[in-house]
Structure formats: C-alpha cells, structure tokens
Amino acid sequence: MQTMNWNDLKYLLALSRLGTLSSVAKETGVDMTTVSRRLKALELALGAQLFERVDNRYLPTEELQRVMDRAEQVEQDIGRFRNELLGQDEDLSGRVTITSVHTFVNGYLLQRLPSFYERYPEIQLDIVADSSQLDLARHEADIALRMGRPEQASIVTRKVIDLHYAVYAHRSWQGSGQRVSDMPWILFKERYQNLPEALWQQEHYPDVKARLLCNVGMAMMTAVKSGLGAACLPCYMVGDDPDLMPLTDPFELRAMWLLIHPEKRNLARIRAFIDWLEEQLEQDQWLFQGNAPIQDEP
C-alpha cells in the first residue's frame, strides 16, 4: 500500500460535496486532470474505491460515507495544526481581509469600526467593497458578507441577519399631493433589473417614471437625499435620518450571509471580528428591520 498524501484530502472532500470534477477543479484552482489523478492516487494509497460514477456525478461509496464526518474533522485538525505551528491561532493581531457589497461597507460597517479597534487595536482590517464574488477557497478574502445564499459547498456559511427594505423619499416631498406611484423614481440600470429590490419595484410599482438610473445603492441613497425622487432602499442605510421619510411599511426582502473558509474559522483574529460583528448586528436589529413611522399617501 502506498503512503497517503494528506494534501489530497481536500480533493476527496470537495468531490464529496460538489459531485463533479469540473466543480472541484474550479474551486481548487487546478485542472480536472489533476483532480482525477490525485483522487486515483488517494484510492491507490488507501486500497479502496471511494466514489461511484452515476449520471456523470461522483457519489461517495458506502465506505466513504461512513467516515465522511471524520474526514472533515481531519481537514479542520490539519488547518488548526498548521495555524498553531505558525503561531497564529491565538494571536489577536495581523490582517483580516473582509469583502462585502458597497452598500453594507459604506452604509453600515465603516461607521462602526472604531469600537472594533478599541477592543482589538493590533488587528488590521482589509476591507474590499466589491459586489464580485472573491474566491475564499483561493484565500482572496478571509470573510465574505453577501446578500444572498452562497453556492460553494466547501465554504462555511450562515445567515447573520434578515434585511428589510422600504420606499423612501426626501421630506421635501411631504405635502406635495403626489401619490407614491406618481412620484419620479430612482431605479437601477437595466443590467441590475434582476436584483430582488428591482423585482419588487417592478411588481408593486411597475409604471413609475424613472428620473434617474443608478448602478449602486449608495448612489440611489444620495439621489433620494437630494430630493430627486423615491427609491426602494435597505432600512439600515436610512436609519433615523431626519431628512428622509418612508412611503411604505418595511418588508423583508433579502438576508446577509457570512462566508468563511473552514480552515480559517478557528483563527483568533477571525473569531474576534465575527463575534464583534454579530454583537453589532444584534444591537442594531431595529435598524435592519426599519422602525420609522410610515408616511401616509395623500
């Protein structure tokens, strides 16, 4: 029996979760030939068949299914061992790279970071405000906060908070005599018409006149504050801004999901940021649910 290469364990676990060589190749950053070769080497080293191919998908054998939980635990143990060997596991210092969409970074996160640095002055945060999906499997980021359930099976995910939305306008429109449906609106550009907030507007206010088209929520917020018209905005961005008034009741539309690579979830600096963030979100539940009084239509 050949010696097992522990580095091949990641291919075994990835194929168990994803089911196809192409998906594993995409997630691990190697070609399908390499994935196939490493899995064959692993089967040879273990002296056992690990997968059955059914309808172009790889299904774990009964033998593999019985030890999958242990295999995942071994993966985590290897990650912890590597971190401890490097002296990183309990070190509340170093860099944490976090990526999320512009609206959450600029509309919520940055304003609250002073309290994080008061608690953890030696941790350096690298914030990437970007709607593109940075690859955690390739360590392009340590933590991702996304408005939508992720599809990567090998990434640890959990929902951290529900997001409520409402239609808002500047208070200068109060008393104008216009109904919400008759007001000028700030809408997303055509390429973003599949976003949940755009679809909600199309369902509930399909015939509104677009005064301005934008590609990001922060621009829409600025346009509403400038009195240009109404827009569907996340409640946490508006908060208790005295210049803005809600024109609809808040409604649950999206959710914020936290993504993290399983090898990094036990790093002290990663845990510190996640714990701090969840504390902030718990304190600000009212902000995400929207608690401003509704402005009746004339």
Side-chain angles (χ1 to χ4, degrees), residues 10 14 17-18 23 26-29 79 83 88 91-117 119-120 122-163 165 188-189 191-192 194-198 214-222 233-237 253-282 284 287-288:
K10 65 181 179 182
R17 295 162 181 152
L18 302 174
S23 298
K26 182 178 180 180
E27 180 165 303
T28 58
N83 293 330
Q88 296 175 335
D91 189 5
L92 288 170
S93 64
R95 177 180 296 187
V96 178
T97 302
I98 302 143
T99 181
S100 189
V101 293
H102 290 272
T103 50
F104 185 74
V105 169
N106 296 296
Y108 179 80
L109 184 60
L110 292 179
Q111 300 93 311
R112 287 159 178 80
L113 288 185
S115 71
F116 176 83
Y117 287 118
R119 193 181 303 181
Y120 305 109
E122 299 303 317
I123 296 179
Q124 180 189 59
L125 298 181
D126 181 359
I127 306 293
V128 182
D130 197 336
S131 58
S132 63
Q133 301 292 323
L134 297 187
D135 194 338
L136 272 68
R138 298 186 183 182
H139 306 287
E140 294 177 347
D142 299 315
I143 297 170
L145 296 160
R146 294 299 181 203
M147 295 183 182
R149 187 164 190 164
E151 298 179 355
Q152 281 182 288
S154 61
I155 299 299
V156 178
T157 65
R158 70 171 180 269
K159 185 170 71 171
V160 290
I161 198 162
D162 291 314
L163 303 176
Y165 285 65
F188 281 105
K189 294 173 69 67
R191 62 177 297 188
Y192 300 101
N194 62 334
L195 293 177
E197 48 267 57
C214 295
N215 65 339
V216 291
M218 291 303 297
M220 298 177 77
M221 173 79 169
T222 301
L233 299 171
C235 296
Y236 73 84
M237 280 178 54
L253 186 63
R254 305 185 75 167
M256 179 71 69
W257 291 80
L258 183 144
L259 293 68
I260 183 171
H261 194 283
E263 290 185 5
K264 294 188 175 183
R265 60 181 169 180
N266 293 309
L267 286 174
R269 63 181 182 274
I270 302 289
R271 294 199 310 269
F273 178 81
I274 293 175
D275 291 345
W276 170 84
L277 177 65
E278 291 184 333
E279 287 179 16
Q280 297 298 308
L281 296 176
E282 179 65 27
D284 292 335
L287 189 62
F288 289 87

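Just so you know, residue 1 is the first one in the sequence shown, and it goes up from there. Predicted, not measured: the structure shown is a model, and the values here were computed from it.
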If you take all heavy atoms of [X] and [Y], which pair is closest and at what distance?
| X | Y | result |
| --- | --- | --- |
| Ile123 | Ala272 | CD1-CB, 4.2 Å |
| Tyr192 | Ala198 | O-CB, 3.7 Å |
| Leu145 | Ser100 | O-OG, 2.7 Å |
| Leu259 | Trp257 | CD1-O, 3.6 Å |
| Cys214 | Met220 | CB-CG, 3.7 Å |
| Glu122 | Leu92 | CB-O, 3.6 Å |

Q) Between the main-chain N or O of Val128 and the side-chain N or O of Thr99, is there a donor-acceptor pair closer than 3.5 Å? A)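 Yes.
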Q. Donor-acceptor pair, Arg254 side chain versus Met147 backbone, under 3.5 Å?
A.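 Side chain of Arg254 to backbone of Met147, a donor-acceptor pair under 3.5 Å: yes, one is there.
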Q: Show your working on side-chain contact (heavy atoms from CB on, under 4.5 Å) between Tyr236 and Ile161 and close with a plain yes or no.
A: CA-CA 11 Å; Tyr236 73 84; Ile161 198 162; over 6 Å; no
Q) Could you go step by step and tell me if Leu163 and Leu253 meet the side-chain contact (heavy atoms from CB on, under 4.5 Å) rule? A) CA-CA 6 Å; Leu163 303 176; Leu253 186 63; over 6 Å; no
Q: Report the C-alpha distance between Phe273 and Ile143 in whole Å, list the side-chain angles of each, state the deciding distance to 0.1 Å, and finish with yes or no for side-chain contact (heavy atoms from CB on, under 4.5 Å).
A: CA-CA 9 Å; Phe273 178 81; Ile143 297 170; 3.7 Å; yes
Q) Salt bridge or not for Asp284 and Arg112, using N-O below 4.0 Å? A)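 Salt bridge flag = yes for Arg112 with Asp284.
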(Q) Between Leu125 and Leu113, is there a side-chain heavy-atom distance shorter than 4.5 Å? (A)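 Yes; the side chains approach each other to less than 4.5 Å.
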Q. Can you tell if the side chain of Asp142 reaches within under 4.5 Å of the side chain of Ile260, non-hydrogen atoms only?
A.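 When only atoms from C-beta onward are counted, Ile260 and Asp142 do not touch, as no gap falls below 4.5 Å.
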Q) Only one of Tyr117, Tyr120, Phe116 forms a ring-ring contact (aromatic ring centres under 6.0 Å, His included) with Trp276, so which one is it? A)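 When Tyr117, Tyr120, Phe116 are each tested with Trp276, the ring-ring contact (aromatic ring centres under 6.0 Å, His included) holds only for Phe116.
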(Q) Let me confirm one number: the CE-OG1 distance from Met221 to Thr103, rounded to the nearest 0.5 Å. (A)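 One gets 11.0 Å once the value is rounded to the nearest 0.5 Å.
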Q.
Checking Arg158 against Ile274 for the side-chain contact (heavy atoms from CB on, under 4.5 Å) test, could you report, in this order, the C-alpha distance in whole Å, the side-chain angles of both residues, the deciding distance, and whether it holds?
A. CA-CA 12 Å; Arg158 70 171 180 269; Ile274 293 175; 3.3 Å; yes
